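Just so it is clear, the structure is predicted and the values come from calculations on it, not from any experiment.
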Amino acid sequence: MKIGLGADHGGFRLKEDVKKHLLKLGHQVVDYGTDSTDSVDYPDYSEKVAKAVLAEEVERGILVCGTGIGIAIAANKVQGIRCATVSDVFSAKMCRQHNNCQIMALGERTVGPGLALELVDAFLAAEFEGERHERRVSKIMQLEK
């Protein structure tokens, strides 16, 4: 699978851990930055990953900031994107199965590297279940109009 990664300075280290993990598993990774712990603005990286997902340059996206909250809010402002901040395996799986999220957000300050990799694996392994969930996701997307 081809995965887009993005992070601000608060999520840089965890993004690097996730990148190594994904490459080890044989995934392709497109890293949209940042490339250090120097202060940057997370909306810039949310936008890059979200637009890459919409353009089908990558199949899914993973974003990281200090909490995963701000970077997810910014991603969700891009029309057509569904991004969930997750901190447990069940939510990582459900955001795909029930909400068809294309992007998952993590918090470097709230999720350790071990759990983060479990969350990544759950998110990537899960598929949208469709059926009754399709109606609900469609209603969510209608809110953008």
Side-chain angles (χ1 to χ4, degrees), residues 1-23 25 27-35 39-145:
M1 189 178 298
K2 192 171 186 181
I3 313 298
L5 298 180
D8 71 353
H9 57 282
F12 170 72
R13 289 184 182 93
L14 186 57
K15 175 185 66 85
E16 292 300 303
D17 291 339
V18 169
K19 183 184 347 180
K20 288 176 194 166
H21 179 69
L22 292 172
L23 292 170
L25 293 175
H27 294 289
Q28 292 180 299
V29 174
V30 180
D31 188 340
Y32 292 94
T34 192
D35 59 1
S39 183
V40 295
D41 299 327
Y42 56 79
D44 299 335
Y45 302 94
S46 291
E47 182 180 23
K48 289 177 184 181
V49 172
K51 287 186 174 178
V53 166
L54 291 174
E56 298 181 354
E57 295 168 10
V58 296
E59 295 169 67
R60 299 216 191 131
I62 299 171
L63 296 169
V64 190
C65 69
T67 63
I69 298 168
I71 208 160
I73 291 170
N76 282 313
K77 295 296 181 181
V78 177
Q79 189 170 354
I81 289 297
R82 289 171 307 284
C83 176
T85 302
V86 299
S87 57
D88 63 89
V89 172
F90 181 74
S91 296
K93 186 169 64 170
M94 288 297 108
C95 78
R96 283 290 305 143
Q97 290 180 344
H98 289 195
N99 308 114
N100 202 15
C101 286
Q102 313 104 311
I103 302 175
M104 175 181 72
L106 301 170
E108 182 173 311
R109 297 177 191 139
T110 61
V111 177
L115 176 56
L117 302 184
E118 289 181 46
L119 299 174
V120 166
D121 292 345
F123 176 70
L124 297 179
E127 292 297 334
F128 183 51
E129 292 178 349
E131 298 180 16
R132 71 183 192 277
H133 305 294
E134 184 65 49
R135 182 181 74 250
R136 295 167 185 156
V137 171
S138 293
K139 286 183 175 186
I140 291 169
M141 301 317 293
Q142 287 299 313
L143 295 172
E144 292 182 343
K145 296 182 174 149

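- With rounding to the nearest 0.5 angstrom, the CD atom of Glu131 is 7.5 Å from the NE2 atom of His133.
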Would you mind writing out the side-chain donor-acceptor pairs for residues 108-117 within the sub-3.5 Å range, not counting sequence neighbours?
residue	atom	partner	partner atom	Å
Glu108	OE1	Arg13	N	3.1
Glu108	OE1	Leu14	N	2.9
Thr110	OG1	Gly107	O	3.2

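- Closest heavy-atom contact between Cys65 and Gly68: SG-N, 3.1 Å.
- Taken to the nearest 0.5 Å, the CD1 atom of Ile69 stands 9.0 Å off from the OG atom of Ser87.
- Within the 4.5 Å cutoff, side-chain heavy atoms of Lys19 are placed close to those of Asp31.
- Here the shortest heavy-atom pairing between Ala75 and Ser46 reads N-CB, 3.6 Å.
- We find the NZ-NZ distance between Lys20 and Lys15 to be 10.5 Å, quoted to the nearest 0.5 Å.
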With side-chain contact (heavy atoms from CB on, under 4.5 Å) as the test, would you mind laying out the steps for Ile71 and Val49 before giving the verdict?
CA-CA 11 Å; Ile71 208 160; Val49 172; over 6 Å; no
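- Within a 6.0 Å sphere centred on OH of Tyr45, other residues, nucleotides and ligands contribute more than 12 heavy atoms.
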Intermediate values then yes/no, side-chain contact (heavy atoms from CB on, under 4.5 Å), Val30 and Glu57:
CA-CA 9 Å; Val30 180; Glu57 295 168 10; over 6 Å; no
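- In this structure, Ile81 and Val53 have side chains that are in contact, with non-hydrogen atoms separated by less than 4.5 Å.
- To the nearest 0.5 Å, atom CD of residue Gln79 and atom CE of residue Met141 are 7.0 Å apart.
- In this structure, the side chains of Val18 and Ile3 stay at 4.5 Å or more apart for every pair of heavy atoms.
- Looking only at side-chain heavy atoms (C-beta outward), Lys145 and Gln142 come within less than 4.5 Å of each other.
- A donor-acceptor pair under 3.5 Å is absent between the side-chain atoms of Ser91 and the main chain of Val86, judged by distance alone.
- Pairing each heavy atom of Phe12 with each of Ala7, the nearest pair is N-CB, 4.1 Å.
- Applying the side chain to side chain contact (heavy atoms under 4.5 Å, CB included) test to Gln28 and every residue at least two apart in sequence or in another chain returns Lys2.
- Leu63 and Cys83 make their closest contact through CD1-SG, 4.4 Å (heavy atoms, listed as atom of the first residue, atom of the second, distance).
- In this structure, the side chains of His27 and Leu23 stay at 4.5 Å or more apart for every pair of heavy atoms.
- Note that CG of Leu119 and CZ of Phe90 are 13.5 Å apart. Values are rounded to the nearest 0.5 Å.
- Between atom CG of residue Leu5 and atom CD1 of residue Ile103 there is a gap of 11.0 Å, rounded to the nearest 0.5 Å.
- When all heavy atoms of His98 and Val137 are compared, the pair lying nearest together is O-CG2, 3.7 Å.
- Looking only at side-chain heavy atoms (C-beta outward), Tyr32 and Lys51 stay at 4.5 Å or farther from each other.
- A salt bridge links Glu127 to Arg60: at least one charged side-chain nitrogen sits closer than 4.0 Å to a carboxylate oxygen.
- Between the side chain of Gln102 and the backbone N or O of Gly80, at least one donor-acceptor pair lies under 3.5 Å.
- Although no hydrogens or angles enter the test, the distance criterion places a donor-acceptor pair under 3.5 Å between the side chain of Asp8 and the main chain of Gly10.
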